[in-house]
Amino acid sequence: VSTSHLQLAAFALGTVGWILCTFSMGMVEWRVWHVDNTTVISSGIAWVGIWKVCFISYLHISPGYKEQFCHKFSGYDSFIPREIYVAQGLLLIAMFVGLVGLTATVFALRNVYMGIAHKTLITRFFLVGGLCYIFAGLCVLIPVSWNFYSVAQNQSISFPPSYYMPTSPAAQDAGAAIPIGIVAVILLLLSGTFSLSYRFPVATNT
């Protein structure tokens with residue numbers, strides 16, 4: 001048991017990283033668009049996520065009350081940039097692979113703490129868990145970096161008229177989902193490194 005403290009920390013870090021990965025995937029605040037025309041987008045701010053775009057409008061309700069309007073992206077939408085399509089796929093893969101890594105780590109820790117001295121089984125499951133964590137971290141890193149680059153370059157998206165969104169924002173910022181994704185990447189890579197560092201204790205005859 002005393003040889004698996006890092007692997008227990010890997011499970012804890014991997015769990016938090018996996019939760020943050022899942023949380024960022026569902027958030028709409030990937031890109032924050034600042035728009036000049038507030039006729040429909042009353043707050044002047046719209047949020048572009050990887051699944052939908054949302055903004056607050058007073059247009060269809062009484063003054064003084066706000067309502068959030070969202071348009072979900074479809075798989076048939078040709079205007080969606082590649083980095084958003086890539087983010088959709090890779091984050092789903094990261095969520096699944098991260099869950100496999102957590103399962104493998106739990107199984108290995110179970111054998112360690114129950115005193116089941118099966119060297120090959122324990123080592124292999126820690127190896128699988130570590131590789132899954134690292135792969136999941138890389139799957140999160142790619143869309144986070146790509147979308148952050150798009151924000152830094154103030155790249156536009158050709159939304160259809162039904163979305164009531166301008167083609168280009170006056171300015172845009174990175175939303176909360178990007179730093180959350182970065183933290184998830186760091187935790188997943190750390191947990192993968194800790195899992196891979198496990199060494200089965202060598203028995204000595206006295």
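Just so you know, these numbers come straight off a predicted model, no measurement behind them. Residues: numbered from 1 along the sequence shown.
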Participant: Counting only N and O atoms by type, is there a donor-acceptor contact under 3.5 Å from the side chain of Trp146 to the main-chain atoms of Arg82?
Facilitator: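 Side chain of Trp146 to backbone of Arg82, a donor-acceptor pair under 3.5 Å: no, none is there.
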
Participant: Report the distance from atom CE of Met27 to atom CD1 of Ile178, rounding to the nearest 0.5 Å.
Facilitator: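 These two atoms lie 10.0 Å from each other.
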
Participant: Can you confirm whether Ile50 sits close enough to Glu83 that some side-chain heavy atom of one is under 4.5 Å from a side-chain heavy atom of the other?
Facilitator: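 Side-chain contact under 4.5 Å: no.
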
Participant: Is the backbone N or O of Ile142 less than 3.5 Å from a side-chain atom of Ser145, with the two atoms forming a donor-acceptor pair by type?
Facilitator: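 Flag not set: sc Ser145 to bb Ile142 has no pair under 3.5 Å.
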
Participant: Quick one: does Lys52's side chain get under 4.5 Å of Trp47's, heavy atoms only?
Facilitator: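 Side chain of Lys52 against side chain of Trp47, heavy atoms only: no contact under 4.5 Å found.
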
Participant: Between Gln153 and Val151, does a side chain to side chain contact (heavy atoms under 4.5 Å, CB included) hold up when you go through it step by step?
Facilitator: CA-CA 5 Å; Gln153 296 296 315; Val151 170; over 6 Å; no

Participant: Quick one: does Trp18's side chain have a donor or acceptor within less than 3.5 Å of a partner on Met95's backbone?
Facilitator: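 Confirmed, Trp18 side chain pairs with Met95 backbone.
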
Participant: Run the side chain to side chain contact (heavy atoms under 4.5 Å, CB included) check on Val48 and Met165 step by step: do they pass?
Facilitator: CA-CA 10 Å; Val48 181; Met165 286 283 294; 4.3 Å; yes

Participant: To check you understand the geometry: which heavy-atom pair defines the closest contact between Val128 and Ala104, and what is its length?
Facilitator: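 Shortest heavy-atom separation between Val128 and Ala104 comes out as CG1-CB, 4.0 Å.
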
Participant: Among all residues two or more places apart in sequence or in another chain, which pass the side-chain hydrogen bond (donor to acceptor under 3.5 Å, both in side chains) test with Gln172?
Facilitator: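 Partners of Gln172 under the side-chain hydrogen bond (donor to acceptor under 3.5 Å, both in side chains) test: Trp33, Asn154.
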
Participant: Apply side chain to side chain contact (heavy atoms under 4.5 Å, CB included) to residues Arg31 and Ser150 and explain how you reach the verdict.
Facilitator: CA-CA 9 Å; Arg31 306 186 195 183; Ser150 299; 3.6 Å; yes

Participant: Taking all non-hydrogen atoms of both residues into account, name the closest pair between Gly137 and Leu189 and its distance.
Facilitator: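 Closest approach of Gly137 to Leu189, heavy atoms only: CA-CD2, 4.4 Å.
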
Participant: Would you say Pro169 and His34 make side-chain contact, with heavy atoms under 4.5 Å?
Facilitator: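 A side-chain contact is absent here, since even the closest heavy-atom pair is not under 4.5 Å.
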
Participant: Same hydrophobic cluster for Val86 and Phe96, using side-chain heavy-atom links shorter than 4.5 Å among ILVMFWY?
Facilitator: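 Yes; Phe96 is reachable from Val86 via cluster members.
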
Participant: Check the side chains of Thr193 and Tyr133 for a donor-acceptor pair under 3.5 angstrom, ignoring hydrogens and angles.
Facilitator: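 Side-chain D/A pair, Tyr133 to Thr193: absent.
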
Participant: Tell me whether Arg110 forms a cation-pi arrangement with Phe107, defined as NZ or CZ under 6.0 Å from the six-membered ring centre and within 45 degrees of its axis.
Facilitator: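 Yes, Arg110 lies over the aromatic ring of Phe107.
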
Participant: For residues Cys132 and Gly101, report the shortest heavy-atom separation together with the two atoms involved.
Facilitator: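 The answer is CB-CA, 3.6 Å.
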
Participant: Check for me, please, whether Ile182 and Ile19 land in the same ILVMFWY cluster - side-chain distances under 4.5 Å, paths through other members count.
Facilitator: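 Cluster IDs for Ile182 and Ile19 match.
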
Participant: Return the orientation label for the Phe79 and Phe73 ring planes: parallel under 30°, perpendicular over 60°, tilted otherwise.
Facilitator: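 It falls in the perpendicular class, over 60°.
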
Participant: Work out which heavy atom in Asp36 is nearest to a heavy atom in Ala170; give both atom names and the distance.
Facilitator: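 Residues Asp36 and Ala170, closest heavy atoms: OD1-CB, 3.5 Å.
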
Participant: Distance from Ser158 atom OG to Tyr163 atom OH, nearest 0.5 Å?
Facilitator: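 So the OG of Ser158 and the OH of Tyr163 are separated by 12.5 Å.
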
Participant: More than 12 heavy atoms of other residues, nucleotides or ligands under 6.0 Å from CZ of Phe135: is that the case?
Facilitator: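 Counting neighbours around CZ of Phe135, 12 or fewer heavy atoms of other residues, nucleotides or ligands fall under 6.0 Å, so no.
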
Participant: For the hydrophobic clusters of this structure (ILVMFWY residues joined by side-chain heavy atoms under 4.5 Å, transitively), does one cluster hold both Leu90 and Ile134?
Facilitator: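 No, it is not one cluster - the side chains of Leu90 and Ile134 are not joined through contacts under 4.5 Å.
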
Participant: Does CZ in Phe159 sit with more than 12 non-hydrogen atoms of other residues, nucleotides or ligands closer than 6.0 Å?
Facilitator: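 Counting other residues, nucleotides and ligands, CZ of Phe159 exceeds 12 neighbours.
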
Participant: Using side-chain heavy atoms (C-beta onward) and a distance below 4.5 Å, is Tyr164 in contact with Phe55?
Facilitator: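 Yes; the side chains approach each other to less than 4.5 Å.
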
Participant: Check Ser168 against Ser156 and note the closest heavy-atom contact, atom names and distance.
Facilitator: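 Closest approach of Ser168 to Ser156, heavy atoms only: OG-CB, 3.0 Å.
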
Participant: For a 4.5 angstrom cut-off between non-hydrogen side-chain atoms, does Leu91 reach Cys139?
Facilitator: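 Contact flag for Leu91/Cys139 side chains = no.
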
Participant: Can you list the residues that meet the side-chain hydrogen bond (donor to acceptor under 3.5 Å, both in side chains) rule with Gln88, with sequence neighbours excluded?
Facilitator: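 So Gln88 forms no side-chain hydrogen bond (donor to acceptor under 3.5 Å, both in side chains) with any residue.
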
Participant: For the hydrophobic clusters of this structure (ILVMFWY residues joined by side-chain heavy atoms under 4.5 Å, transitively), does one cluster hold both Leu127 and Val106?
Facilitator: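 The answer is yes; both residues are in one hydrophobic cluster.
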
Participant: Should Ile157 and Val35 be regarded as members of a common hydrophobic cluster, given that ILVMFWY residues are connected when their side-chain heavy atoms come within less than 4.5 Å of each other, either directly or indirectly?
Facilitator: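 Linked within one cluster.
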
Participant: Of all heavy-atom pairs between Ala184 and Leu20, which one has the smallest distance, and what is that distance?
Facilitator: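 Nearest heavy atoms, Ala184 then Leu20: CB-CB, 3.8 Å.
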
Participant: Drop me the distance from Cys70's SG to Ile56's CD1, to the nearest 0.5 angstrom.
Facilitator: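 Reported to 0.5 Å precision, the distance equals 9.5 Å.
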
Participant: Any chance you could measure Leu131, atom CG, to Phe126, atom CZ, to the nearest 0.5 Å?
Facilitator: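 Reported value, rounded in 0.5 Å steps: 13.5 Å.
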
Participant: Quick check: does any side chain N or O of Ser197 sit under 3.5 Å from a backbone N or O of Phe194, one acting as donor and the other as acceptor?
Facilitator: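 Pair found, side chain donor or acceptor close to backbone of Phe194.
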
Participant: Could you go through the side chain to side chain contact (heavy atoms under 4.5 Å, CB included) check for Phe11 and Leu102 one step at a time?
Facilitator: CA-CA 7 Å; Phe11 172 71; Leu102 290 175; 4.0 Å; yes

Participant: Hey, are the side chains of Trp51 and Met25 touching, using non-hydrogen atoms and a 4.5 Å cut-off?
Facilitator: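 Result yes, sub-4.5 Å side-chain heavy-atom pair found.
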
Participant: What is the distance from atom OG of Ser195 to atom CG of Leu190, rounded to the nearest 0.5 Å?
Facilitator: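 One finds 11.0 Å between OG of Ser195 and CG of Leu190.
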
